[in-house]
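Working notes, structure below.
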Protein chains: 2
Amino acid sequence: MKKELETVEQYLKGRDFRLTQPRRKIIEAVFATHDHFTADELRAMLSQKGEKVSTATVYRTLSLLCDGGFVEALDLDRGQLHYEHVLGHKNHFHLICSDSGKVIEFRSPSAEKTIRRIARARGFEVNSISLRVFGRGRACK
Amino acid sequence: MKKELETVEQYLKGRDFRLTQPRRKIIEAVFATHDHFTADELRAMLSQKGEKVSTATVYRTLSLLCDGGFVEALDLDRGQLHYEHVLGHKNHFHLICSDSGKVIEFRSPSAEKTIRRIARARGFEVNSISLRVFGRGRACK
DNA sequence: ATATTTGCAAATTCTTTGCAACTTA
DNA sequence: TAAGTTGCAAAGAATTTGCAAATAT
């Protein structure tokens, strides 16, 4: 709850992490898009705006943001990880089209509730739920 | 339905694939365990029984078995893929303990039904559902 | 000032591939 | 014996890491 309101800046400040130039750029780009992106795509977005940040820093910052709960890592396909910020879209799931690679988000409080209930019944303290539906979208040909 | 009954041998025969010595060993090991394993763990299991199979062949055969629907690949953690055979436990989901790494399987026809309905409503022809619940198991300390 | 962070390039890790030798049907 | 398969070692792809130089507090 407090966490929800914590800004990235506050988060960094609270742990002796520094708000550097590269981090600022990355954070800005991460929150500027509502799409999923890979580490490399993010670097490309930045590069396109004339902002150069090294791959290593992109990875390091993304992982920092994941730890802070600002960003989530998704395994949409094998290969590279995809990321997305968790700003106003927590707890959603993904439909992934194997043809187009397109990803659609959806929510299902009822399915989620059921899943949490089952997990709890097994003595599991749920941390996060990853639900990916692979298939073919009629629309996205 | 017919598929359910098809043996690996029949599958191979039907497509000019050969039932070789290495494949036989791998298939045997895959169905001998009801646990998840990585390509390397499988190679280790074989090696422990004095059966040497190259990593390349393990990967190739595992991917063959996945194509045939006999084995499923799971992304339990980032890093290496985990596999499991689909013999009598289709359509189950996973609870993954971040502490112990232990994996518990569970089923939820109701959640599954809900998920499929939503997917279909979005014009999605569902191919497979991957549901992973990450958390901490009280039991597996 | 001084501890953190960056960028680079090298290192890792997992998986795939090319190809000559070897099996299987 | 013709076509599929293997093993090896090299290639790939994605991510991580060591370290000296740069930067934030």
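To find a chain, count down the sequence lines: A is the first, B the second, and so on, and within it residues start at 1. Values below: all heavy atoms of this structure, side chains included; hydrogens, waters and symmetry mates excluded. Nothing here was measured: the structure is a model prediction, and the numbers come from that model.
Only at 4.0 angstrom or more do the heavy atoms of residues 37-49 of chain B sit from any atom of DNA chain D, so none qualifies. Of the residues in residues 20-31 of chain B, those placing a heavy atom less than 4.0 Å from an atom of DNA chain D are B/Thr20, B/Pro22, B/Arg23, in numerical order.
Residue contacts shown for A/Lys52 are limited to sugar-phosphate atoms, with no base heavy atom under 4.0 Å away. Among the atoms of the strands shown, only primed sugar atoms or phosphate atoms (P, OP1, OP2) are found under 4.0 Å from some heavy atom of B/Arg78.
Rounded to whole Å, the distance from CZ on A/Arg18 to C1' on D/dA24 is 5 Å. In this entry the distance linking CZ of B/Phe17 with P of D/dT6 reads 11 Å, nearest Å. Spacing between atom CG of A/Asp67 and atom P of D/dT16 amounts to 11 Å, rounded to whole angstrom units. The interatomic distance linking B/Arg15 (CZ) with D/dT5 (C1') rounds to 18 Å, in whole Å.
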Side chains of residues 14-21 of chain A: which donor-acceptor pairs under 3.5 Å do they make with residues two or more places apart or in other chains?
unit_1, atom_1, unit_2, atom_2, d
A/Thr20, OG1, A/Arg23, N, 3.3

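Summary of the strand contacts: B/Asp16 and B/Thr57 both lie near DNA chain D, and taking for each the nucleotide with the nearest heavy atom, the more 5' one is attributed to B/Asp16. Ranked by how close their nearest DNA chain D nucleotide is to the 5' end, B/Ala56 and A/Gly79 are led by B/Ala56.
Heavy atoms only, all atoms of each residue included: B/Arg78 and A/Asp77 are closest at NH2-O, 4.1 Å. In plain terms, the two heavy atoms of A/Arg122 and B/Glu105 that are nearest each other are NH1-O, 3.3 Å. For the pair A/Val71 and A/Val86, the tightest heavy-atom approach, listed with the atom from each and the gap, is N-CG2, 3.5 Å. Between B/Ala39 and B/Val58, the shortest heavy-atom distance links the atoms O-CG1, 3.5 Å.
The main-chain N or O of A/Gly135 is found under 3.5 Å from a side-chain atom of A/Ser98 such that the two form a donor-acceptor pair.
A heavy-atom distance below 4.5 Å is not found between the side chains of A/Tyr83 and A/Leu42. Annotation: side chain of A/Phe124 is not in contact with side chain of A/Ile118 (no heavy-atom distance under 4.5 Å).
For DNA chain C, the contact window with chain B, defined by any atom under 4.0 Å from a protein heavy atom, covers C/dC14 to C/dA25 in 5' to 3' order.
Members clustered with B/Val103: B/Leu74, B/Leu76, B/Ile96, B/Phe134, by chain and number, using a 4.5 Å side-chain heavy-atom cutoff among hydrophobic residues.
Remark: A/Glu112 engages A/Asn91, A/Arg116 in a side chain to side chain donor-acceptor pair (under 3.5 Å) (not counting sequence neighbours).
One can find a donor-acceptor pair under 3.5 Å joining the base of D/dG7 and the side-chain atoms of B/Arg60.
Tracing side-chain contacts under 4.5 Å through hydrophobic residues (I, L, V, M, F, W, Y), one never reaches A/Leu81 starting from A/Leu131; they form parts of separate clusters.
OP1 and OP2 of D/dT16 both lie 4.0 Å or more from every side-chain N or O belonging to A/Tyr59.
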